[in-house]
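Below, chains carry the letters A, B, ... as their sequence lines are ordered, and counting in each starts from 1.
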Number of protein chains: 2
Amino acid sequence: MTHDPILRFRRFARSVTTEVGALDESFLGRGRSLGAARVLNAIGHGRTDLAELRAYLTLDSGLLSRLLRQLEAEGLVRLSQSPLDARARIAELTETGAGEFAAYEDISNDRASSLLARHPKPEALLAAMDLIASALGQDRIVTEERDPRDDPSVFCLNEYYAELGRRFSTGFDVNLSCDPQATDLIAPRGAFLVAFSDGMPIGCVGVKGNGGPIAEIKRLWIAPSARGLGLAKRLMTQAEERAQTLGIQTLRLDTNSVLPEAIRLYRSTGWTEIDRFNDDPYPDHFFEKTL
Amino acid sequence: MTHDPILRFRRFARSVTTEVGALDESFLGRGRSLGAARVLNAIGHGRTDLAELRAYLTLDSGLLSRLLRQLEAEGLVRLSQSPLDARARIAELTETGAGEFAAYEDISNDRASSLLARHPKPEALLAAMDLIASALGQDRIVTEERDPRDDPSVFCLNEYYAELGRRFSTGFDVNLSCDPQATDLIAPRGAFLVAFSDGMPIGCVGVKGNGGPIAEIKRLWIAPSARGLGLAKRLMTQAEERAQTLGIQTLRLDTNSVLPEAIRLYRSTGWTEIDRFNDDPYPDHFFEKTL
DNA sequence: GAATTTATCTGACTTAGGTCAGGCAAATGA
DNA sequence: TCATTTGCCTGACCTAAGTCAGATAAATTC
């Protein structure tokens with residue numbers, strides 16, 4: 001009874017609601033309504049178009065308009081016409097606004113770090129949070145095509161290498177493997193896709209092309225907290241679609257038996273096993289798919 | 001940067017807020033305000049005294065009064081005078097009210113179980129939730145004196161035995177150990193304390209007395225998700241205080257070196273090591289403390 | 001038994017949040 | 001070019017939520 005999964009879930013929901021409520025309370029301490037504070041924060045986080053703000057905060061256009069007017073009157077926000085569309089407006093923080101935004105950030109950060117600081121195992125706590133955030137945010141996972149040298153891409157790639165290092169009993173040395181050139185992973189030769197969940201990179205995949213009709217899938221990685229949610233399949237489908245739009249006809253990939261989940265995925269999604277097509281020391285399985 | 005603990009925490013907060021918001025939205029679908037729904041739910045969960053309701057939901061007495069009147073008019077709630085205090089009132093669900101309450105429960109449970117059902121590792125997800133709920137609910141942990149045969153007590157004791165079974169290489173057999181009689185753990189001879197976090201039992205400790213001035217501390221257990229938060233120390237302090245009010249002058253306990261955290265705790269809180277005082281096969285360390 | 005405290009109710013009031021219809025001006029498409 | 005769509009604003013309006021100052025009656029204290 002006490003172990004009932006649903007009771008455990010609901011206990012969790014209750015405790016988090018209380019925590020979030022307390023955060024809202026402390027936001028109120030700055031003498032502004034929660035709505036106005038949310039708008040200020042969204043602008044501070046780089047959401048400048050009014051349409052974008054409205055969509056993100058799910059606000060009625062009238063309501064947003066009024067909240068912005070309020071913030072403008074306080075001297076926190078500057079509104080200007082969009083250079084692209086004279087009907088649209090753009091919101092920016094003034095210097096005072098940036099200061100106020102920083103104050104809200106401090107409140108959030110203080111709560112977060114004090115909770116983490118007084119916990120005996122902050123890393124375990126964070127891992128638990130990642131797991132839950134990925135599970136809850138399943139429907140909000142978005143994929144973006146990125147330069148493989150971008151911050152989030154590099155983060156994914158490093159996690160990928162670290163994972164291989166753990167899986168191969170002999171470790172993994174990037175320099176021994178055929179590390180793809182960044183330009184081969186960027187259109188028009190190829191592409192690099194990164195999956196984000198609420199702004200955090202949780203997976204990636206690369207299409208490495210050479211301008212010809214044959215390209216390779218490289219660097220498929222899914223964050224541990226997001227495994228089992230079908231993200232790998234989704235990323236692979238998107239990579240194949242992107243490859244097609246780049247004019248690629250055949251995709252190949254190499255992999256290793258220390259990655260059985262990956263091999264299972266390829267077998268179940270139309271890939272056929274082929275002979276070795278490179279002399280990279282790490283892989284022992286090779287696949288091909290005609291698009 | 002992407003690995004910044006604070007960003008991870010805030011991503012977590014965002015995703016949970018969205019989930020909780022969605023739950024509230026679906027509550028609204030039953031044509032009642034969130035406030036009224038909260039009151040109905042609290043009554044359904046056994047909170048009958050108005051004062052208790054007010055404290056739990058942090059509602060103004062006027063507001064609660066009005067929400068109750070609304071629920072009463074809908075025929076969901078029956079209000080009656082308290083038999084103990086003619087000023088106080090007691091709220092109960094009518095049959096219709098119980099049906100409505102069940103509908104809200106179903107909404108919550110459906111969300112919970114659908115999330116758990118579509119996750120590849122529901123047990124890991126639940127463990128993560130327990131960990132977070134314990135961390136967030138630190139300030140809301142309450143200790144109650146319970147009959148050791150109560151549901152939550154039995155849950156704790158079973159978890160305790162299972163834990164010992166894992167720690168002892170030879171396993172643990174309750175029948176070989178001196179399992180205390182329930183009556184020795186109930187006032188006036190002794191006491192059994194259970195710590196609850198948002199209704200879930202997360203720790204226990206027993207004072208086993210025999211009517212004389214010497215008693216024993218038994219069955220100190222803390223749920224894995226709540227370890228390191230200082231709960232053991234707190235439970236021990238409360239057990240010692242309770243022992244004192246029961247007229248006990250000296251406390252003893254036995255323990256084993258497979259439980260090093262416990263031994264460290266006893267050493268650091270005024271217990272002195274003494275000679276073996278029983279012939280239980282499991283313990284190898286014995287402590288005493290004069291109150 | 002009088003004074004005080006406690007538990008709740010009532011009515012007046014405020015505020016945040018949100019909806020809706022209509023309006024204006026720029027952009028778009030036939 | 002003209003009708004339509006889009007992006008935003010304005011003012012009127014509504015509701016849930018919450019606060020506050022008494023009022024009432026039972027319980028407690030002196």
Query raised in the report: Who passes salt bridge (charged side-chain N to carboxylate O under 4.0 Å, His left out) against A:Arg66, sequence neighbours left out?
Result: none
Requested in this report: Output all residues satisfying salt bridge (charged side-chain N to carboxylate O under 4.0 Å, His left out) with B:Asp150, sequence neighbours left out; order by chain, then residue number.
Outcome: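 Expected list: B:Arg146.
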Results of side-chain contact (heavy atoms from CB on, under 4.5 Å) for [X] - residues two or more places apart only:
X        : value
A:Leu28  : A:Glu25, A:Leu34
B:Ala226 : B:Ser134, B:Ile202, B:Ile222, B:Leu229, B:Leu231
A:Arg140 : A:Asp198, B:Ser15, B:Thr18
A:Arg118 : A:Leu115, B:Gln138, B:Asp139

Query - Selection residues 93-102 of chain B - residue pairs positive for side-chain hydrogen bond (donor to acceptor under 3.5 Å, both in side chains), sequence neighbours left out - result: B:Arg30-B:Glu100, B:Arg32-B:Glu100
Close N/O contacts between protein and nucleotides 27-30 of chain D (under 3.5 Å):
| residue | atom | partner | partner atom | Å |
| --- | --- | --- | --- | --- |
| D:dA27 | OP1 | B:Ala86 | N | 3.1 |

Query raised in the report: Considering only heavy atoms, which members of residues 59-70 of chain A lie under 4.0 Å from some atom of DNA chain D?
Result: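 Contacting residues: A:Ser61, A:Gly62, A:Ser65, A:Arg66, A:Arg69.
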Requested in this report: Specify the residues of residues 32-58 of chain A, ordered by number, for which at least one heavy atom lies under 4.0 angstrom from an atom of DNA chain C.
Outcome: A:Ser33, A:Leu34, A:Gly35
**Report entry** Set of ring-ring contact (aromatic ring centres under 6.0 Å, His included) partners for A:Tyr104, sequence neighbours left out
**Finding:** A:Phe27
Calculate the interatomic distance between [X] atom [atom1] and [N] atom [atom2]; express it in whole Å.
X       : N      : atom1 : atom2 : value
A:Asp24 : D:dA17 : CG    : P     : 15 Å
B:Gln81 : D:dA26 : CD    : P     : 8 Å
A:Ile90 : D:dG7  : CD1   : P     : 14 Å
A:Leu28 : D:dA17 : CG    : C1'   : 13 Å

Show me, pair by pair, the donor-acceptor contacts under 3.5 angstrom made by side chains of residues 46-54 of chain B, not counting sequence neighbours?
none

Requested in this report: Report the distance from atom CG of B:Asp151 to atom SG of B:Cys156, rounding to the nearest 0.5 Å.
Outcome: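 So the gap between those two atoms works out to 11.0 Å.
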